[in-house]
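Worksheet: one structure, shown below.
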Amino acid sequence: MARQLEKKYDPADFESRLYAEWESKGYFKPSGNKNAPAFSIVMPPPNITGQLHMGHALDNTMQDILTRYKRMCGYDTLWLPGTDHASIATEAKIVEAMRKEGVSKEDIGREGFLKRAWDWNDKYGNRICEQLRKMGSSCDWDRKRFTMDEGCSEAVKDVFVKLYEKGLIYRGTRIINWCPHCRTSISDAEVEYKDMDGSFWHIRYPVKDSDEWVYLATTRPETLLGDTAVAVHPDDERYKHLVGKTVILPLVGREIPVVADEYVEMDFGTGVVKITPAHDPNDFEVGTRHGLPLENMLTDDARITENYPKYAGMDRYEARKAIVKDLEEGGYLVKIEPLKHNVGTCYRCGTTIEPRASLQWFVSMKPLAAPAIEAVKNGDVRFVPDRFSKNYLHWMENIRDWCISRQLWWGHRIPAFYCDDCGELTVTKEDSAVCPKCGKPMRRDPDTLDTWFSSALWPFSTMGWPDTDAPDFKRYYPTTTLVTGYDIITFWVSRMIFSGLEHTGKKPFSDVLIHGLIRDSQGRKMSKSLGNGIDPLEVISKYGADALRFTLATGNSPGNDMRFSDERIESSRNFANKIWNAARFVMMNLDRECDTDNIVTETLAEEDKWVLSLYNKLIKEVRENLDKYELGIAVSKLYDFIWDVFCDWYIELVKPRLAEKGSETNIAAQATLTYVLSNTLKLLHPFMPFITEEIWLTLPHKGESIMISEYPRYDEKLDFPQAVASVNALIESIRAIRNRRAEMNVPPSRKAHVIIVSPRGRELFGGKEAYFVRLASAAGVTVADKCDPEGTVRIVTGDCEIFIPLADMVDLEAERARLAKELEAAENEVKRAEGKLANAEFTSKAPEKVVNNEREKLEKYKALAEKLRASLLSLK
RNA sequence: GUGGGUGUAGCUCAGUUGGUUAGAGCACUUGCUUGACAUGCAAGGGGUCGUUGGUUCAAGUCCAUUCAUCCACACCA
């Protein structure tokens, strides 16, 4: 053997070494085999500000499992990595760092700021990629992209100009969500609503030239400054006489009209609503219908404007206090009620959003949404699990126009130019544009685009689009599967779908595999503020990447959250350790080169055939599970096979034969051990790439690496049903004997006398005496035509009876009780089966297989009950 | 308000198109220095699958009801 495994399993010994080898040998690159089907995934690009967290770890483990599996199945496989410039998050981070230096954005200007941002990207943008390497991610790093690299930027410009020319991007004044902290607009999707305690202020406005008042209530009294009307319902008899009249705005003295609008609900409150078109989406609509002026009363950082000298410069909450106080003193305040209401907050910084009328760029969504809805409805794009298509459709069907302009510097600058001279607006991909109308130089729009605008193009902008002849675009687009969490379906998945359809005419991917969140051991979200996050890198350094990946794959069912705990990661590490030691055992018993691609079946013992059959079944099931994205099920089957079948039974059964060096049976045992181990490692490789490679390379093997070997295929030549039945019977008997000995507290040092089996045992266990000796503490096995029940403990299985001469240890009373209990259970089964079979409905309607199964079971339990009865009798 | 998830052993969770006696890990009890592994081995206890009803020959699995819990979206000033 070229190399032996270290005695102790220590993943740090080999994980990074193997990764470097794989990468340097180019195994992560697509095979380029034109005859093979393509399989492609684009990695959801992590933010350049980000550090690897458990969410990334899960997402990338799942992608890597699929990629490695498909690669081994012979697909031409591309997993394309990259990073996202994350405009708002990155900008906030840099501004914060600058604040500590006492420098502001304005101080250094746009150029200076962008330089800092690019420096940041150079310094930290690659950090997360290094961390993904530690996970074992087999993505093609040579194809790594960045949302602001040249190609992606070109795609963004192209898309913007095309959509503008089609009339699907427009500029207009609308109510948008304004974050006073980030000082930018954000989209509807970026607003998080939180329940907060607030108050309901009831106030009254005097009607002009009358002693009447109108009573109304508001959660935001300070917006009174921006009121340009009050509204009532047109059918409201109480207020009909007021419509068209004028009320006087308290504190301000502005005269504003009373308008009639159906938006007002008569039954709610007093039926009168103050209308602040510049600071409320609904009021904006009312304002538009009635031609009301927009009165913007707040600055960018949510302070009162100079228009209201008494309050100017106060922030919105200070102003609220001052205004309430003034209202009270002026006799306008009626009462204050406590109220819980939902307040929109910025998803990045948590600041309360200020709805604000503002001139921004928008994408007209309705026309783009229609085909995106259709693609999911007709199954062209499939969500796994399916229930998420409902979320998606709900979002798409109720979609509003997408505000895409951001008052930030870090990002794709909007390719729109304004001529200050003639007022012309030009949208063009050219950078230094001259006004097409008057030839004067133009001023570029200072705003940048929403980060998600470029993310939406990711599946094709990374493949060379807008060049539709780009080789990657032609070969790997549309991609096969997108793997992501349910939390960004609206942000990202939906936008990729409509963008792909609109710009490439094709869906961006066929399947969307959704996973849940990783929670802590108490089920809480991992968050910085709670400090309960578990760092995947720490887990890797302590337990290894394989253990982390295995933990993330185990119990992974699509769309569901999972908890992460020390117990689970330890159990995964123990599994890795188990494999390691099993492999060491196999190797120390090898004295010849074994063929791991083929196995000669003629000389195999029954247990060899047994393990091969179970292995063969495993291949079929694991492949089926992986094809259906059932990663958690596949991995638990591998676990059970390796631990229970291969280690606990097969290795134990085969041990005696390993001592018989040079014999035919010894050779067969070595061959089977090696064959099954080596190929099971292949099955496991997508889940635990490092340990499987390290062991596989040490075993006899053909080829350079397990990761480019062929994934095992089901082979009917390896099915041996008779051997399976026979070895299962053996195992059942050994278990039963152990069980009896344990129950009777037989000390392990005490070998039983020779075990006697009933005649049926001759066929069942002929030649298998050694197993009983080794595994069931027997001194030997004899077959008796007629057993002496005196002085033995009896064990009855479905197939035969076993007698152990341990009479001196038997409490006859307890023995009888035990047999009686077993008999009762058997009789109950007989009754149940008989009842079922007596039911004509069952026998006629149930599938034949199920009925036959029931018949066999009935026979089995009848025989068992019969034997138990005989045993009981003989004890009397 | 609308939509959705979850509820299975003490804990955390699997359970694939309905079909043997419902599984695992951890925890627990008992016994083992078994020449691969104590990160281990063997044996064991522990569940009326949230409730009630229905469909079916057959329900943890499908339908309805209800309770609990979580989430998403939308929100009336």
Side-chain angles (χ1 to χ4, degrees), chain A residues 5 7-9 193 200 216-220 223 230-231 263-265 267-276 280 282-283 286 341-342 385 387-388 390-391 393-395 398 486-487 489-490 516-517 521-523 543 554-557 559-568 570-589 621 624-625 628 630 632-633 636 639-640 647-648 651-652 655 735 738-743 745-749 774-775 777 825 828-829 832-833 836 839-847 849-851 853-854 856-857 860-861:
Chain A
L5 293 177
K7 188 150 190 236
K8 191 173 165 355
Y9 166 64
Y193 287 88
F200 211 27
L216 47 81
T218 177
T219 54
R220 302 201 48 199
T223 62
V230 297
Y263 152 71
V264 181
E265 279 189 38
D267 301 336
F268 189 85
T270 60
V272 184
V273 185
K274 66 194 265 309
I275 299 296
T276 322
D280 181 280
N282 292 312
D283 292 6
V286 175
H341 61 141
N342 255 355
R387 67 183 135 95
F388 289 101
K390 281 185 190 154
N391 282 6
L393 289 172
H394 184 255
W395 160 265
N398 295 290
Y486 58 70
D487 49 336
I489 292 175
T490 50
L517 264 40
S521 58
Q522 294 158 59
Y543 299 98
T554 304
N556 180 314
S557 79
N560 289 349
D561 292 351
M562 58 196 322
R563 298 191 192 198
F564 199 92
S565 64
D566 286 348
E567 288 79 31
R568 293 193 57 223
E570 272 172 29
S571 132
S572 301
R573 188 270 322 266
N574 293 353
F575 177 54
N577 183 62
K578 185 75 182 176
I579 300 168
W580 188 262
N581 282 295
R584 284 205 311 129
F585 174 81
V586 170
M587 282 174 215
M588 65 180 63
N589 285 287
E621 294 184 350
E624 279 171 10
N625 290 138
K628 289 191 278 180
E630 293 164 348
I633 298 172
S636 79
Y639 181 94
D640 290 345
C647 293
D648 286 349
I651 287 184
E652 293 307 324
K655 269 177 181 170
R735 281 209 167 114
R738 285 169 174 173
N739 173 339
R740 291 301 295 124
R741 288 178 59 100
E743 273 180 17
N745 291 319
V746 181
S749 55
R774 194 183 161 76
L775 301 173
S777 305
N828 281 339
E829 282 304 313
R832 204 187 52 79
K836 229 174 169 179
N839 185 344
E841 298 252 46
F842 173 67
T843 47
S844 62
K845 287 187 183 167
K849 199 176 143 197
V850 175
V851 177
N853 230 324
E854 207 57 43
E856 278 169 30
K857 215 165 63 182
K860 187 178 143 197
Y861 282 107

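Quick note on labels: first sequence line is chain A, next is B, and so on, each numbered from 1. Model, not experiment: these values are computed from the prediction. Heavy-atom basis, side chains included; hydrogens, waters and symmetry copies ignored.
Looking at A/Ser571, its side chain never comes within 3.5 Å of a backbone N or O of A/Glu567 through a donor-acceptor pair. A donor-acceptor contact shorter than 3.5 Å is absent between the side chain of A/Asn625 and the backbone of A/Glu630. Proximity of a side-chain donor or acceptor of A/Arg568 to a complementary backbone N or O of A/Arg563 within less than 3.5 Å is detected. Formation of a donor-acceptor pair under 3.5 Å by the A/Asn577 side chain with backbone atoms of A/Arg573 is not found in this model. Checked by atom type and distance alone, the side chain of A/Asn589 pairs as donor or acceptor with a backbone atom of A/Phe585 at under 3.5 Å. In this structure a side-chain-to-backbone donor-acceptor pair under 3.5 Å is present from A/Arg738 to A/Leu775.
The phosphate of B/rU20 (OP1 or OP2) has no side-chain N or O of A/Lys836 nearer than 4.0 angstrom. When the side-chain nitrogen and oxygen atoms of A/Ser557 are compared with OP1 and OP2 of B/rA14, one or more of them lie within a distance under 4.0 Å. In this structure, A/Asn574 reaches the B/rG40 phosphate: one of its side-chain N or O atoms is under 4.0 Å from OP1 or OP2. A/Arg387 has no side-chain polar atom (N or O) that falls below the 4.0 Å cut-off from OP1 or OP2 of B/rG5. Distances shown here put a side-chain N or O of A/Arg563 below 4.0 Å from the OP1 or OP2 atom of B/rC13. Applying the 4.0 Å criterion to OP1 and OP2 of B/rC76, one finds that A/Asn282 has a side-chain N or O inside that range. OP1 or OP2 of B/rC41 lies within a sub-4.0 Å distance of a side-chain N or O belonging to A/Lys578.
Spacing between atom NZ of A/Lys274 and atom P of B/rA77 amounts to 12 Å, rounded to whole angstrom units. A straight line from CZ of A/Arg735 to P of B/rA42 spans 8 Å, rounded to a whole angstrom. In this structure, A/Glu621 places its CD atom 10 Å from C1' of B/rU16, rounding to the nearest Å. The CG atom of A/Asn828 sits 19 Å away from the P atom of B/rU20 (whole-angstrom rounding). In this entry the distance linking CD1 of A/Ile579 with P of B/rA36 reads 18 Å, nearest Å.
The base-pairing partner of B/rU16, taking Watson-Crick or G-U wobble contacts with both distances under 3.5 Å, does not exist among the strands shown. Across all strands shown, B/rA72 is found opposite B/rU2 as a Watson-Crick or G-U wobble partner, with both distances under 3.5 Å. In this structure, B/rU29 forms a base pair with B/rA43, meeting either the Watson-Crick or the G-U wobble geometry with both donor-acceptor distances under 3.5 Å. Across every strand in view, B/rU66 sits in a pair with B/rG50 that passes the Watson-Crick or G-U test at under 3.5 angstrom.
B/rA72 and B/rA77 have their C1' atoms separated by 25 Å, given to the nearest Å. Rounded to the nearest Å, the gap between the P atom of B/rU29 and that of B/rU17 is 39 Å. Nucleotides B/rU6 and B/rA64 have their P atoms positioned 14 Å apart, rounded to a whole Å. The same atom, P, is picked in B/rC28 and in B/rG23; the two are 23 Å apart, to the nearest Å. Taking atom C1' on both nucleotides, B/rC62 is separated from B/rC49 by 15 Å, rounded to a whole Å.
Within 4.0 Å of A/Glu570, counting heavy atoms only, lies no atom of the nucleic acid at all.
Picking from B/rC76, B/rA36, B/rA14 the nucleotide with the shortest atom distance to the side chain of A/Phe268 gives B/rC76. Considering only side-chain atoms of A/Phe842, the nucleotide from B/rA77, B/rU39, B/rG19 that sits closest is B/rG19. The nucleotide whose nearest atom lies closest to any side-chain atom of A/Pro847 is, among B/rG19, B/rA77, B/rC26, B/rG19. If you check B/rU39, B/rA77, B/rA74 against the side chain of A/Glu265, the one that comes closest is B/rA77. Considering only the side chain of A/Arg584, B/rA36 comes nearest among B/rA36, B/rG5, B/rA77. Set against B/rA74, B/rA42, B/rG25, the side chain of A/Asp648 has B/rA42 as its closest nucleotide. Side-chain proximity of A/Asn739 to B/rG44, B/rA42, B/rC37: nearest is B/rG44.
Take the nearest nucleotide of RNA chain B for A/Asp561 and for A/Asp280: the residue whose nucleotide is more 5' is A/Asp561.
Note on ring orientation: taking the six-membered ring where Trp is involved, the planes of A/Phe388 and A/Tyr486 are parallel (angle under 30°, cut-offs 30° and 60°).
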